[in-house]
Amino acid sequence: MKIVEVLEAGLVTTIQDLGRPGYQGDGVPVSGAVDTMAHRMANILVGNDKEAATLEFCMLGPKLKFACKTFIAVTGGASQPLIDGKPIFLNKVYSVKSGSVLSFKPMTSDRYGYIAVANGGFLIKPLLNSRATTVRLKLGGFKGRCVREGDHLPIAECFRMPSFQYREFSHDKKSESEKNSEIRFIKGPQWDLFTSEAQMQFCRSFFTISQQADRMGYRLDGEKMSVPESNMLSEGTVLGNIQITRDGRPIVLLADRQTTGGYPVIATIIAADLSKFVQLSSRQQIHFQPVSLDKASSALVAQNSELKKFKLFLETKRYQYPIGPIRKAAQKLEILLDGNG
Amino acid sequence: MECDYHFVPVGEQSLNIVFPEVIDAEENRLIHTLARVLSNTDVGIVATIPAYHTLTVNFDFLRTNFTSLTNEIEALIKSHPLLKDEEKKHIIELPVCYDEEFGPDLKSVLEYGKITFEDLVKLHTKDPYLIYMMGFMPGFAYMGSVSDKIAMSRLKNPRAKVPAGSVAVAGKQTGMYPIEAPGGWRLLGRTPVKLYDPRHPKPRYNAGDYIKFRAISKNDYYYIQKLDLKGKYQLKELF
């Protein structure tokens, strides 16, 4: 087992994967990556299985020193990564050698970034079938906490990356520059508890993400919503639920959410728009737009097949000429020349 | 089984099975039975979250969708035998030290119910409580229902820190805080048993089980705590 040494922690840097969805009935939150699309893309880029863990950070990435040769990719927010001081692109695989340092400048926009490492990602012991960290409960991840300066994160060495030069994903990021952002939703289980005026207000108003935004959920600022008179009994929560609190403010429930909640849920953000939503800055105006369940489902299927297509593309490139020994030899030669072989 | 329910979509990967909105032990046990039955099927269900009158079902959108899953659940409910006779109750005994140090709200609850300390202990430990739902944090059991005499509503201003193990009431509900957390429930005592361990986060009891409190002395409290920390204290199951 090799390691990555943490030279600087960055902000809220945690080990995450797709979380532990199977224990919500016991009150154990799902957790996992806030932006699951960016996390999955990072894993696909470096050729990992979808279960592999990445390093998630918020606004400012960590400074990491690699103790072996491997391949990495950074995805998610506009995090300005550098390898040994040289800027690198997001959504693209780079090779690092023993002693290489990955560092970041603070994000210019967006919120969450992801670092994936080839050959299985961060190899800490899974707990309840997941490596995700829930800091509030000291649960999972690296010692149940955010990573700190001096931590040694276990990874595996990696010498070869098939179809290396194709491992780049061009991402058309329109949303960053847009002042207004459309986020689609389906009606929530308590939609009917709200008056038709409140329903209309929800669809017409503009909201922004407030300062109270973390892995549990984002509180939104905007015109105060009128709240249903009747109390409700607590029920299970779902990713993307928009609760309206007693003071009329919406909260969008995210990865670290409590498993049950007692505020009425007016809407649920569709899964295909969550990745966009969680990366919005507090300056951007959010407009919620209703869609049918069918539309929401097909949007999710479409998003998923896009990832699949890219994965398949990388797999087919692997078998294009010239293949096999030549490239293997070239990569081995490179290691020898590096002097780290 | 026969019951009154309907389906509500919550997202493209989640739905609620909604029963009449009441706190009713019979209805709630049916929800837990249904959760167990659904967990043992192979129709693309990822997780279930039982609550007072709802069962939230999360599913894999690559394997199923709202329409086909609700059809399958409906068929399952129709074909399933009545649960009343079939279900065995799991009753777990939990030691609690009722003491002013551990239960800073004891005094106000005694005044509220116009009862003595002995009455309160008797009332709170008399019957097993059904765990209607788990939520808030791992191992936080929402249980009911307590006697009206101790059913004091929660604090107007919640405490910033409630110590782990605190046993409390809020209206007709009672429960334990597995981890130190902010909270507004009225604290009556504390259990020496570790209710949450990040190394083994699955709780020592499940929704649908019953908890029966047993009053213990302060000496016993520290004795059991020591045993439990060494992993040598087993929760007793009553029948």
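So that the names make sense, note that chain A is the first sequence line, chain B the second, and so on, each numbered from 1.
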Handout entry: Worked check of side chain to side chain contact (heavy atoms under 4.5 Å, CB included) between B/I179 and A/K138
Key = CA-CA 10 Å; B/I179 312 161; A/K138 302 186 176 77; 5.9 Å; no
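- Side-chain contact check for A/Q258 versus B/M137: every heavy-atom pair is 4.5 Å or farther apart.
- Between A/T268 and B/G11 the shortest heavy-atom distance is CG2-CA, 4.3 Å.
- Proximity to chain A is limited to the backbone of B/V22, based on heavy atoms less than 4.5 angstrom apart.
- Closest approach of A/S234 to B/A51, counting heavy atoms only: O-CB, 3.5 Å.
- Looking at B/T48, the atoms closer than 4.5 Å to chain A (heavy atoms on both sides) all sit in the backbone: N, CA, C or O.
- Rounded to the nearest 0.5 Å, atoms CZ (B/R199) and NZ (A/K125) are 10.5 Å apart.
- Contact between A/I186 and B/E12 at its shortest, heavy atoms only, is CD1-N, 4.4 Å.
- Between B/M134 and A/Q24 there is no side-chain heavy-atom pair separated by less than 4.5 Å.
- The only member of B/P201, B/P138, B/P198 that meets side chain to side chain contact (heavy atoms under 4.5 Å, CB included) when paired with A/L137 is B/P138.
- With a 4.5 Å cut-off on non-hydrogen atoms, B/I131 does not touch chain A at all.
- Side-chain atoms of A/V265 and B/V10, non-hydrogen and from C-beta on, never get closer than 4.5 Å to each other.
- Other residues, nucleotides and ligands contribute over 12 non-hydrogen atoms within 6.0 Å of the CZ atom of A/R145.
- Shortest non-hydrogen contact noted between B/N16 and A/P189 is ND2-CB, 4.1 Å.
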Practice task
List the steps and the verdict of side chain to side chain contact (heavy atoms under 4.5 Å, CB included) for A/L139 and B/Y196.
Solution key: CA-CA 10 Å; A/L139 179 67; B/Y196 172 74; 3.5 Å; yes
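- Of the inter-residue distances, the one linking A/L233 atom CG with B/I23 atom CD1 reads 5.0 Å to the nearest 0.5 angstrom.
- Shortest non-hydrogen contact noted between B/P50 and A/G25 is CD-CA, 4.0 Å.
- In terms of non-hydrogen atom pairs under 4.5 Å with chain A, the most contact-rich of B/F140, B/Y52, B/F136 is B/F136.
- At a 4.5 Å heavy-atom cutoff, the contact between B/V8 and chain A is made by side-chain atoms alone.
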